[in-house]
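For clarity, every value in this text was computed on a predicted model and none was experimentally measured.
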Amino acid sequence: MEFRLLGAVSVDTEDGELPLGPAKRRSVLAALLLRPNTTVPVDHLIDALWADRPPAHAKTVVQGHISRLRALLSTGRADAYGVELATRGAAYVLRMPETLLDAYRFEELTGLARQQKQPSDSILMLHEALALWHGPPLNGAVSGPPLEAAAQALEEARLTAVQDLARAHGKLGEHDRAVAVLRAETAAHPLREPLSAALVLALYRAGRQSEALDHYHRTRRLLADELGVDPGPELAGAYARVLRAERNDRDDRDDRDHRGGQPGRAPHTAPGDRAAPSSPAVLPGPGPDTGSAPHPPAPTSPSTPPPAPAPAEGREGPAGAPAGPGTSGEDGAAAPPHRAPDLLPRASGTVLGRSAELAALGRAAAGESAVCLVTGPTGVGKTTLAVHWAHRARGSFPDGRLFADLRGFSTTGEATASDVLHEFLTALGVAPRHVPESVNAAAALYRSLTADRRVLVVLDNARSSEQVRPLLPGGPGCVTVVTSRQRLDGLVATDCARPLPLGMLGPDDATALLRAALGEERVAAEPEAARRLAVLCDGLPLALRIVAARLATRPQWTLRAMADELADEQRRLKLLSAEDTGVEAALRLSVQQLPPSAGVMFRRLGLHTGPDLDRYAAAALAGCTPGRAGDALEQLAAAHLVEDSAPGRWTLHDLVRLYARSLADESDREGLLRLLDHYLCTALAAAAAAEPGSRPCCTLPPDAHRPTVAPDFPDRARAMDWYTTERANLTGAVSAAARAGLADRAWRIALLLWPMVVQRARDGWTPVLRHALDAAVSLGDPDAESRACTLLGWVLTEEGRTDEALELLDRAPGRAAAAGDTEGRALALVNLGCARESRGEADEAVRCWTQAAEAARGAGLAQTGMLALHHLARHLLETAGAPQEALDHCDLALGLVPAGQAEARRVLLMTTRGRALLALGRPGEALEQLSAALEAAERTHFHDGAVPALDGLAEAARALGRTDEAEAYAERHRRALAGTATGTTTGTTAGGG
């Protein structure tokens with residue numbers, strides 16, 4: 001509900017304007033509103049309604065209007081706003097909060113504007129005050145002398161506010177804006193000399209001297225014609241100042257001309273004035289903020305503007321602030337000194353592992369940063385840290401400690417700036433009835449009150465930078481600590497906030513938190529279980545405290561039993577809840593604040609198969625473009641629901657992943673299928689780039705989703721980097737496909753790892769390849785089964801598990817033949833020969849390799865033939881003792897495939913060839929060949945190929961008598977051997993031809 005006098009007399013409600021009726025009824029209401037909460041005698045109302053002798057029944061007429069006004073106020077639910085029209089004998093009183101009256105708010109804002117130190121703050125308040133006007137004051141009421149006088153007082157107050165606004169613009173050097181403000185008013189009030197004087201000065205300061213003089217002369221003639229008077233001292237003084245400035249300007253120019261334009265003489269400049277663009281001279285006397293004369297006192301108005309509130313204990317208020325209701329009791333008696341406010345909640349919880357962040361907050365208090373932004377995921381301890389430090393640093397802020405929960409992620413809705421400012425201002429000593437209603441005015445008053453104080457402000461749980469900005473204090477001695485689940489980059493960019501991101505606790509600090517909550521003895525009794533709990537809680541303080549609470553109320557439970565319970569991913573989030581708090585509830589509030597696209601992305605991320613992902617994988621999950629996926633991931637990162645693990649890659653903490661997974665439903669299965677097909681298509685491209693010229697080990701399933709955009713692999717190195725980065729995701733994808741019954745995807749993705757398997761045969765590939773074999777068998781696909789047996793059998797051979805390898809490799813050639821796959825049969829024979837060799841069955845091994853070489857030659861399979869010939873060459877050199885035949889086989893094999901293809905196999909062949917040359921007594925050639933092999937191995941990141949090359953180089957150098965060089969190679973060989981997981985690789989195949 002709003003009562004208006006600044007324009008038509010009216011009452012606005014939520015349902016619209018009340019139908020007040022005739023002018024006399026509006027006049028009765030206006031007379032009551034001009035003296036709110038004060039008894040108004042009936043005689044006063046009668047005088048307001050009738051300028052001449054009132055009729056005999058005047059009192060009855062007034063009573064009738066009062067009765068009708070009561071009925072109208074009742075229909076507008078005035079009682080809900082604290083409004084009551086009461087009778088007091090032969091008088092009436094309109095009880096109401098004065099803030100419902102536009103005239104009161106106008107006076108409040110203009111009074112506050114005059115107290116501001118910053119002109120920009122004054123301009124905000126004055127604009128808001130003048131926006132309350134909607135026409136001539138008391139419009140629609142009768143024109144009796146009492147109301148005419150009140151209307152004139154209100155209009156005088158408005159014109160004074162206009163002059164104040166122009167003066168504030170002038171202080172900022174915005175003289176053209178001051179001109180615009182004043183010109184409209186001088187046109188409406190041409191005989192008001194203070195307005196014309198201000199306009200003359202504003203025009204001059206804007207560099208418009210001729211207009212300034214012209215306006216003066218027009219006003220002078222108008223005064224003479226209309227009133228028969230000359231301009232008064234204020235207008236004449238403004239004219240004289242302009243003339244003096246013009247004369248000084250001419251004198252300066254003449255003097256410069258006389259001295260031949262010699263520099264060095266400064267133009268005459270008045271303090272605070274800004275030189276107009278077209279003239280170097282500026283007005284002497286007071287600066288642009290003072291006008292042509294001292295500011296006239298504000299005219300009498302229907303309500304008194306609130307003065308400055310009382311400052312904190314032991315401090316003076318803003319300069320020039322009058323005493324009033326803010327510094328005295330309601331009866332005018334002096335109020336007791338206001339104590340420094342302290343709104344901090346009690347400190348709770350133990351702060352562990354946050355020494356760096358506490359030190360950063362301490363540096364802020366010492367003046368390093370006025371705004372500190374503590375960010376992090378839900379439950380990481382942002383509020384605990386901020387409140388703990390605030391209590392510890394209270395001595396640094398003697399003028400007060402303010403705290404507000406902004407409820408940015410609350411089910412009850414966020415706190416409004418208006419509510420928080422009201423609480424802060426009343427804490428700082430402003431009487432509640434004098435707190436401005438508008439956010440801009442309240443914020444300006446708040447900044448003014450804190451301008452000369454040392455106040456600490458803690459703004460907890462902020463959702464956005466916009467929510468925080470009106471609540472930042474104004475003084476350089478103030479410090480603000482903001483906590484948020486969002487990064488609030490805008491606050492960093494525009495308000496120079498210092499980010500203090502909080503991460504999860506490390507295992508030691510997490511265990512220390514459990515120790516602090518449960519006691520030293522209980523944790524010391526089960527140190528391994530305590531550390532396991534820390535890991536299962538992801539180092540999240542909220543989760544750790546809930547676990548500690550459960551254990552504290554269940555003394556019969558062991559820490560190991562609790563850890564076993566938490567190990568069940570299906571129940572973990574439920575166990576990490578306690579009454580009205582918990583990890584799941586906290587995450588739910590964060591997710592509810594997300595934009596729709598980011599919400600979908602978050603839910604789909606629960607289906608991801610590995611520890612991190614890029615925008616291509618995210619796009620596959622969400623069914624969108626990589627660009628939009630990247631935008632959604634950035635929004636999730638800003639909300640601390642994912643983390644930037646590396647440029648262009650994002651990761652989820654385990655508890656967040658579990659919550660995201662719990663949100664997924666059957667409709668999200670399509671997202672998993674798209675993700676698997678993304679990895680399948682990308683792995684096919686990577687394998688082709690890693691081994692140019694090789695045949696793909698599989699084709700896409702008929703129903704595969706081809707990604708619209710995929711990573712590009714310009715060379716082998718880029719492809720191998722992708723394999724290294726995505727290994728965990730690819731192996732996870734195989735497991736996920738197997739669990740989801742997508743066997744056709746499981747075996748394909750597993751076998752497409754072969755370029756990496758080639759390089760690190762003993763790096764734990766057996767589990768993922770068994771998934772591939774199981775999937776192939778379940779599908780009854782002999783080609784898939786053959787290839788899975790071939791690759792897994794070779795890995796088992798390299799791991800020394802020859803019997804297991806032979807069980808698979810013995811059946812692989814037959815399954816390949818059943819599928820009509822000549823290449824698959826040849827590869828199976830190569831690996832079967834390697835297994836036979838491991839068992840000491842050299843003749844069987846040679847037979848297998850020979851059959852493989854013949855099959856490859858007959859089918860034109862160059863790379864497979866190259867592989868078979870390499871094994872024959874190695875056998876001839878190492879077992880048969882025929883280095884020349886070995887050399888011939890190497891040369892034949894290297895000639896099958898052009899340089900740049902089958903790089904890993906070429907490295908091994910060059911190494912065997914170098915050793916053959918060494919055995920033939922040609923160490924110089926051997927050294928050259930082995931150096932080329934090492935260079936190729938290092939260039940292609942083939943670590944297992946580098947090991948035998950270095951060993952051969954050490955032997956070749958010794959044969960040449962280069963002892964130091966030989967020892968250097970030997971040392972490098974020892975380091976490489978220690979750093980590789982596979983040792984010497986004797987042969988590789990992964991199902992590619």
- Task: Apply salt bridge (Lys or Arg N to Asp or Glu O under 4.0 Å) to D452 and K117, showing your working.
- Result: CA-CA 11 Å; D452 298 318; K117 294 183 177 180; 2.6 Å; yes

About how many Å separate [atom2] of [Y] and [atom1] of [X], when rounded to the nearest 0.5 Å?
| X | Y | atom1 | atom2 | value |
| --- | --- | --- | --- | --- |
| Q593 | F409 | CD | CZ | 5.5 Å |
| R615 | L633 | CZ | CG | 10.5 Å |
| D405 | E414 | CG | CD | 11.0 Å |
| L652 | H608 | CG | NE2 | 9.5 Å |
| Q115 | L445 | CD | CG | 7.5 Å |
| L491 | E466 | CG | CD | 12.0 Å |

- Kindly indicate, with the supporting measurements, whether the criterion side-chain contact (heavy atoms from CB on, under 4.5 Å) is fulfilled by R588 and Y659. CA-CA 9 Å; R588 185 183 305 115; Y659 179 64; 3.3 Å; yes

Looking only at atom types and distance, does a side-chain atom of [X] sit under 3.5 Å from a main-chain N or O of [Y], one as donor and one as acceptor?
| X | Y | result |
| --- | --- | --- |
| R661 | G606 | yes |
| S484 | A462 | yes |
| K382 | G376 | yes |

- For the pair R401 and D342, evaluate salt bridge (Lys or Arg N to Asp or Glu O under 4.0 Å) and give the outcome as yes or no after the intermediate values. CA-CA 5 Å; R401 282 77 54 194; D342 193 340; 3.2 Å; yes

State, with a plain yes or no, whether a side-chain heavy atom of [X] is found less than 4.5 Å away from one of [Y].
| X | Y | value |
| --- | --- | --- |
| P377 | M504 | yes |
| L730 | Y723 | yes |
| E128 | M125 | no |

- Any salt bridge between D508 and R531, counting N to O under 4.0 Å? yes

- Task: For V642 and F602, run side-chain contact (heavy atoms from CB on, under 4.5 Å): C-alpha distance rounded to whole Å, both residues' side-chain angles, the deciding distance at 0.1 Å, then the answer.
- Result: CA-CA 9 Å; V642 302; F602 179 76; 5.5 Å; no

- Query: Taking all non-hydrogen atoms of both residues, which atom of T378 and which atom of S590 are closest, and how far apart?
  - Reply: CB-OG, 4.2 Å

- Task: Would you sort out whether L456 and W389 count as a side-chain contact (heavy atoms from CB on, under 4.5 Å), showing the intermediate values?
- Result: CA-CA 11 Å; L456 171 63; W389 178 80; 3.8 Å; yes

- Query: Which of these, R571, K574, R572, R560, sits in a side-chain hydrogen bond (donor to acceptor under 3.5 Å, both in side chains) with E565?
  - Reply: R571

